[in-house]
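What follows is a short report on a single structure.
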2 protein chains.
Amino acid sequence: MPKATFYNLKEEKRQILIDAAKQEFSRVSLYEASISNILKTAGIPRGSFYQYFEDKEDAFFYLLNEHAKERHECLVSNLKKFEGDLFKAISEIFRSTLEHSEDKGQRDFIRNVLLNMNYKIENTFSQYLSEDVANERYDDIYDLVNAEQLNVASRKEMFHVMQILTAVTFHNLIHSVSNNLSVSAAMKKYETELKLLQLGLMRSSS
Amino acid sequence: MPKATFYNLKEEKRQILIDAAKQEFSRVSLYEASISNILKTAGIPRGSFYQYFEDKEDAFFYLLNEHAKERHECLVSNLKKFEGDLFKAISEIFRSTLEHSEDKGQRDFIRNVLLNMNYKIENTFSQYLSEDVANERYDDIYDLVNAEQLNVASRKEMFHVMQILTAVTFHNLIHSVSNNLSVSAAMKKYETELKLLQLGLMRSSS
DNA sequence: CTTGACTTGTGACACGGTGTCACATATAGT
DNA sequence: ACTATATGTGACACCGTGTCACAAGTCAAG
């Protein structure tokens with residue numbers, strides 16, 4: 001987490017830092033990124049950076065978390081919009097993430113995040129879906145989902161549904177970006193797989 | 001890919017290098033690993049390393065690919081053993097990977113690989129399952145799978161089944177390792193989700 | 001206003017890792 | 001023995017990191 005000094009910064013200066021960091025993390029992945037470049041872009045001395053952040057990761061995960069919050073809001077509002085239809089809501093999130101990742105500016109940041117996704121990064125996104133934490137946002141989602149629609153008997157089972165959807169959704173996002181699929185090609189693949197998920201991978205014994 | 005000089009090396013010396021590299025990549029992730037440590041352990045001079053490998057990544061992916069080959073053989077033999085039952089076969093792979101990752105030596109390498117899994121690493125594992133490549137191994141798998149069992153009409157659709165299973169399996173592996181689940185707890189979660197996948201996430205309209 | 005306590009800014013520096021290169025050494029064919 | 005080709009070697013230049021001692025601000029109490 002950023003240090004207190006970071007939050008004490010004047011709005012304007014903080015934004016300059018954020019922009020500089022985002023620019024560097026858009027250029028390359030977290031591991032290739034260099035603090036030196038952020039300093040150069042932001043025009044601040046080396047020591048200052050370490051007043052605000054623990055290290056490179058700290059800055060990166062700050063940015064990522066801000067992003068994840070927005071995505072979470074997006075999911076909540078989609079669930080409302082589609083009256084609890086989890087599949088429609090998540091499919092919209094998928095599309096908007098892909099489209100989002102075509103905007104200049106945002107684009108390369110999300111690309112780099114997806115291409116270097118690991119469990120720590122994924123957790124930053126899906127932390128609001130984990131069951132154990134005393135997590136208000138967890139309830140946000142679960143209350144909104146129309147559970148009637150789902151093949152689950154309990155709240156606990158719904159957790160597994162979320163896990164599966166998370167896994168497949170991220171997998172598709174990453175696949176789309178790393179193979180430069182067009183938005184429509186990506187959607188087609190994703191929706192095919194969602195359909196399979198809904199109906200089941202196994203042939204119903206008839 | 002390692003350079004020709006690496007393959008020309010005497011068996012014994014090559015093994016020393018491999019062991020040293022594996023040791024370093026077991027200590028920390030690819031990005032934290034240092035070539036210097038490998039040199040020290042293997043007792044070779046700096047210049048030599050660059051005779052054999054392009055860089056750190058090159059050595060890492062060489063090791064990983066060797067590992068992936070073994071896993072692939074394992075999947076093939078499981079498919080034969082279970083007479084084409086994809087779910088049983090993949091579930092066995094899951095278990096053996098987890099158990100494998102309890103052995104001393106292998107253990108930390110696999111742990112680090114899983115904890116730092118990204119699309120490039122995942123592709124190293126699942127390259128044999130991709131549909132487009134002119135890939136004998138692709139056929140290996142697909143011919144062995146009992147498609148009758150599956151809710152697919154074509155070979156093309158089976159690709160999506162594999163994609164989903166890959167996504168969910170890796171997701172569970174990573175989750176198990178990062179949360180230090182016991183093998184049995186991990187199996188329980190994984191099999192619950194496999195069951196859900198088989199039957200479908202959606203309640204059959206009755 | 002000034003003194004002192006605390007917070008924030010600064011950049012030179014030591015450290016450690018990387019990849020290269022000129023040179024040394026080995027190997028094999030003639 | 002001679003030459004060509006492959007391999008071994010480690011000093012070196014380069015770059016990024018995180019720290020630290022010191023400078024500069026801020027602010028409240030006397």
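Computed over heavy atoms, backbone and side chain alike; hydrogens, waters and symmetry mates excluded. Proteins come first, then strands; the chains are lettered A, B, ... in the order of their sequence lines, and each starts at number 1.
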Rounded to the nearest angstrom, tell me the gap between atom [atom1] in [X] and atom [atom2] in [N].
| X | N | atom1 | atom2 | result |
| --- | --- | --- | --- | --- |
| A:K10 | C:dT7 | NZ | P | 19 Å |
| A:D58 | D:dG18 | CG | P | 11 Å |
| A:Y50 | D:dA21 | OH | P | 17 Å |
| A:L17 | C:dT10 | CG | P | 12 Å |
| A:F60 | D:dT17 | CZ | C1' | 19 Å |
| B:D55 | C:dG19 | CG | C1' | 10 Å |

Report task. Decide if the gap between the ring center of B:H100 and the ring center of B:H67 is smaller than 6.0 angstrom. Result -> yes
Report task. Report yes if the distance between the aromatic ring centroids of B:F125 and B:F170 is under 6.0 Å, otherwise no. Result -> yes
Report task. May I ask you to say whether A:K195 pairs ionically with A:E191, meaning some side-chain N is under 4.0 Å from a carboxylate O? Result -> no
Query raised in the report: When you check the gap from the basic side-chain N to the acidic O, do A:K69 and A:E73 get nearer than 4.0 Å?
Result: no
Query - A:E24 side chain to A:S34 backbone, donor-acceptor under 3.5 Å - result: yes
Any N/O pairs under 3.5 Å between the protein and nucleotides 6-10 of chain D? List them or say none.
from   : atom 1 : to    : atom 2 : distance (Å)
D:dT7  : OP1    : B:N8  : ND2    : 2.9
D:dG8  : OP1    : B:K13 : NZ     : 3.3
D:dG8  : OP1    : B:Y52 : OH     : 3.2
D:dG8  : OP2    : B:Y52 : OH     : 2.9
D:dG8  : N7     : B:Q51 : NE2    : 2.6
D:dG10 : N7     : B:G47 : N      : 3.3

Report summary line: Residues of residues 29-41 of chain B with a heavy atom under 4.0 Å from any atom of DNA chain C, listed by number, are B:S34, B:I35, B:S36
Query raised in the report: Is it true that the NZ or CZ of A:K22 lies under 6.0 Å from the centre of A:F109's six-membered ring and within 45 degrees of the ring axis?
Result: yes
Query raised in the report: If we ignore angles and hydrogens, is there a donor and acceptor under 3.5 Å between the side chains of A:N146 and A:E83?
Result: no
**Report entry** Aromatic ring pairing B:F53/B:F6, orientation class (parallel under 30°, perpendicular over 60°, tilted between)
**Finding:** tilted
